[in-house]
Amino acid sequence: MTDGRVVVVTGGGSGMGEATARLLREGGHHVVVSGRRSEPLRRLEQEIGVLAHPSDVRDPEAAGGLVQAALAAYGRLDGLVLNAGIGRGGSVGDLSLEDWDEVMRTNVTGPLLLLRAAIPHLLEARGAVVAVASVSALRNGTSNAPYATSKAALLQLCRSVAVDYGRQGVRANIVCPSWVRSEMADRRMARFAAEADLRGEGVD
């Protein structure tokens, strides 16, 4: 290892989370990957030597347990990549309240709980946070109220970390990607294609 930095990546079993974990390992860092599905995490553990810690960080005990797992394995915590997220569609007038609650718990409350557990250790390490939001946090589309609202909230949550703890040495940044090829993006694109088919628009 180079400087022994320790980074937790949520949603680390696929898509951008997996790619981030691989890049961090290539850079010589210790990586703890988390997610609700154990199989992709275990695969990544075997392939590149990350520490797999399946967990649902929407639960306060699980969020704290993830931080403690990193500390137990490596003795410190230098960074968080808040990548775990889900997408649900709907306009304000017709969205499902169950979908709204699920998106907010996953995309906003989960990162909050993990940040609360990690902040003391990030302060000690003068560490860093990167939150993976979305272009939807900046510019919305149709029937996207739950997802776009949650990503805008995540953006401001991370900005709050920057203004509250920046002078104490904790850096916090947000990335707002557009479409990136991943399991979740593929599912959404397939749904859009099916809806276009039903409208008779077709997809070339």
Side-chain angles (χ1 to χ4, degrees), residues 1-87 105-134 137 150-151 154-155 157-158 161-162 170-177 180-185:
M1 296 293 173
T2 53
D3 55 8
R5 288 179 180 165
V6 179
V7 182
V8 168
V9 179
T10 66
S14 63
M16 286 183 285
E18 178 182 351
T20 300
R22 289 182 181 277
L23 284 172
L24 287 168
R25 286 294 293 151
E26 288 172 10
H29 302 296
H30 303 281
V31 181
V32 182
V33 290
S34 174
R36 287 183 280 178
R37 297 181 298 153
S38 63
E39 294 82 1
L41 301 178
R42 300 299 182 196
R43 171 183 53 79
L44 203 57
E45 184 175 55
Q46 293 175 359
E47 288 180 8
I48 63 172
V50 298
L51 174 63
H53 186 82
S55 61
D56 185 348
V57 295
R58 299 175 303 177
D59 174 77
E61 290 187 9
L66 176 56
V67 170
Q68 290 305 313
L71 296 173
Y74 304 113
R76 60 183 294 153
L77 178 61
D78 298 278
L80 292 180
V81 178
L82 302 172
N83 173 70
I86 61 171
R105 284 181 61 219
T106 303
N107 295 2
V108 184
T109 303
L112 170 67
L113 294 172
L114 187 54
L115 283 165
R116 283 169 59 88
I119 283 294
H121 310 288
L122 294 175
L123 286 168
E124 183 178 350
R126 297 179 70 84
V129 177
V130 175
V132 180
S134 166
S150 73
K151 290 301 186 177
L154 178 62
L155 186 152
L157 176 64
C158 201
V161 173
V170 175
R171 290 172 291 119
N173 291 279
I174 307 100
V175 294
C176 294
V180 174
R181 188 74 188 267
S182 67
E183 291 179 26
M184 186 174 82

Item to check | Residues forming a side chain to side chain donor-acceptor pair (under 3.5 Å) with S150, sequence neighbours excluded | outcome: N107
Item to check | Under 3.5 Å: donor-acceptor pair, side chain of S55, backbone of L66 | outcome: no
Checklist outcome for this item: Closest non-hydrogen contact found for I174 with L155 is CD1-O, 3.8 Å
Next on the checklist: Treating R42 as the side-chain partner and Q46 as the backbone partner, does any N or O pair qualify as donor plus acceptor under 3.5 Å?
Outcome noted: no
Checklist entry - Are the side chain of R126 and the backbone N or O of V170 linked by a donor-acceptor pair below 3.5 Å? => result no
Checklist entry - Would you say the side-chain atoms of N83 pair up with the backbone N or O of G11, donor to acceptor, closer than 3.5 Å? => result yes
Checklist entry - In chain order, what residues pass the side-chain contact (heavy atoms from CB on, under 4.5 Å) check against A128, with sequence neighbours excluded? => result R171
Under 3.5 Å, which donor-acceptor pairs do the side chains of residues 109-125 form with other protein atoms, sequence neighbours left out?
none

Checklist entry - Going by the ring-ring contact (aromatic ring centres under 6.0 Å, His included) test, which pairs reach into residues 37-64, not counting sequence neighbours? => result none
Checklist entry - When rounded to the nearest 0.5 angstrom, what distance separates OG1 in T20 from CZ in R25? => result 14.5 Å
Item to check | C158 to V129 - nearest heavy-atom pair and separation | outcome: SG-CG1, 4.2 Å
Item to check | Side-chain (K151) to main-chain (V108) donor-acceptor, under 3.5 angstrom | outcome: no
Next on the checklist: For residues 59-79, which residue pairs pass the ring-ring contact (aromatic ring centres under 6.0 Å, His included) check, not counting sequence neighbours?
Outcome noted: H30-Y74
Checklist entry - Does the side-chain contact (heavy atoms from CB on, under 4.5 Å) test come out yes or no for V32 and V50, once each step is laid out? => result CA-CA 6 Å; V32 182; V50 298; over 6 Å; no
Item to check | Listed partners of R36 passing side-chain contact (heavy atoms from CB on, under 4.5 Å), at least two apart | outcome: D56, R58, I86, E102, T106
Item to check | Which atom of V57 lies closest to which atom of A63, heavy atoms considered | outcome: O-CB, 3.9 Å
Checklist entry - Taking only residues at least two apart or on different chains, which pairs with a member in residues 12-23 satisfy salt bridge (charged side-chain N to carboxylate O under 4.0 Å, His left out)? => result E18-R22, E18-R43, R22-E47
Checklist entry - Any side-chain heavy atom of V7 within less than 4.5 Å of one from V81? => result yes
Item to check | Heavy-atom pair with the smallest gap, counting every atom of L41 and G12 | outcome: CD2-C, 3.9 Å
Checklist entry - Can you name the closest pair of heavy atoms from A133 and P177 and give their distance? => result O-CD, 3.8 Å
